[in-house]
Amino acid sequence: MSRKHCPAEYREQIVKLARAGRSIASLAREFEPTEPTIRNWIAVAEGTVASADVQIRQELRQVKRKLARVEEEKAILAKDAAWFAKETIKIPDQSSSS
């Protein structure tokens, strides 16, 4: 999943619309950003959240997603390894009967 970077002017326009009385939900429906993203933009614009804090939270979300994917891949590989180990034990005895 890739994230699209929005230009500062675009974010400023969304924040102005929100301050003018538009609901965050209607802005999210009409424009592409999600409601939490718009809330973050408003918080940064109001100075209640530092821009660096928002960036750190976004990076943390990305790292958590990547960790979940890696853990899922690890579980799949462990199951595959167990299956292959079991299959190699089942090789029939090939004694010569000649």
Side-chain angles (χ1 to χ4, degrees):
M1 173 189 313
S2 70
R3 290 183 172 226
K4 190 169 83 171
H5 178 72
C6 297
E9 299 82 21
Y10 179 76
R11 292 189 304 257
E12 290 169 7
Q13 288 298 327
I14 299 288
V15 169
K16 284 181 185 178
L17 290 171
R19 287 180 176 163
R22 295 278 306 271
S23 74
I24 294 173
S26 70
L27 291 171
R29 279 191 305 270
E30 186 175 343
F31 301 100
E32 199 167 314
T34 63
E35 288 184 45
T37 299
I38 295 172
R39 282 191 191 94
N40 285 338
W41 292 350
I42 293 168
V44 169
E46 293 173 349
T48 56
V49 175
S51 181
D53 290 343
V54 172
Q55 192 173 21
I56 289 170
R57 286 186 204 146
Q58 289 173 345
E59 289 175 15
L60 179 60
R61 279 193 296 266
Q62 290 173 348
V63 169
K64 284 182 177 181
R65 268 191 241 114
K66 185 174 183 177
L67 177 61
R69 188 180 70 241
V70 168
E71 287 176 344
E72 182 179 349
E73 291 171 357
K74 179 183 170 190
I76 291 169
L77 290 172
K79 288 178 185 178
D80 287 348
W83 183 83
F84 281 114
K86 186 173 79 173
E87 288 298 311
T88 56
I89 293 172
K90 286 185 180 179
I91 296 176
D93 194 21
Q94 296 184 3
S95 60
S96 64
S97 55
S98 20

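In this chain, numbering begins with 1 at the start of the sequence shown.
- For the atom pair Thr34 OG1 and Asn40 CG, the distance stands at 8.0 Å (nearest 0.5 Å).
- In this structure, Gln13 has no side chain to side chain donor-acceptor pair (under 3.5 Å) partners at least two apart in sequence or on a different chain.
- Expressed to the nearest 0.5 Å, how far CZ of Arg39 lies from CG of Leu27 amounts to 11.0 Å.
- To the nearest 0.5 angstrom, Glu72 atom CD is 11.0 Å from Leu77 atom CG.
- Annotation for Glu59: atom CD counts as buried by contact number, over 12 foreign heavy atoms lying within 6.0 Å.
- Inter-residue side-chain proximity for Ile38 and Phe31 is flagged as unmet; no heavy-atom pair is nearer than 4.5 Å.
- For the atom pair CZ (Phe84) and CD1 (Ile89), the distance works out to 14.0 Å, reported to the nearest 0.5 Å.
- Here salt bridge (charged side-chain N to carboxylate O under 4.0 Å, His left out) pairs that include residues 11-30, with residues two or more places apart or in two chains, are Arg22-Glu30.
- Side-chain contact between Ile42 and Ile24 is present, with heavy atoms from C-beta onward closer than 4.5 Å.
- Separating the CZ atom in Arg61 from the CD1 atom in Ile56 is a distance of 12.0 Å, to the nearest 0.5 Å.
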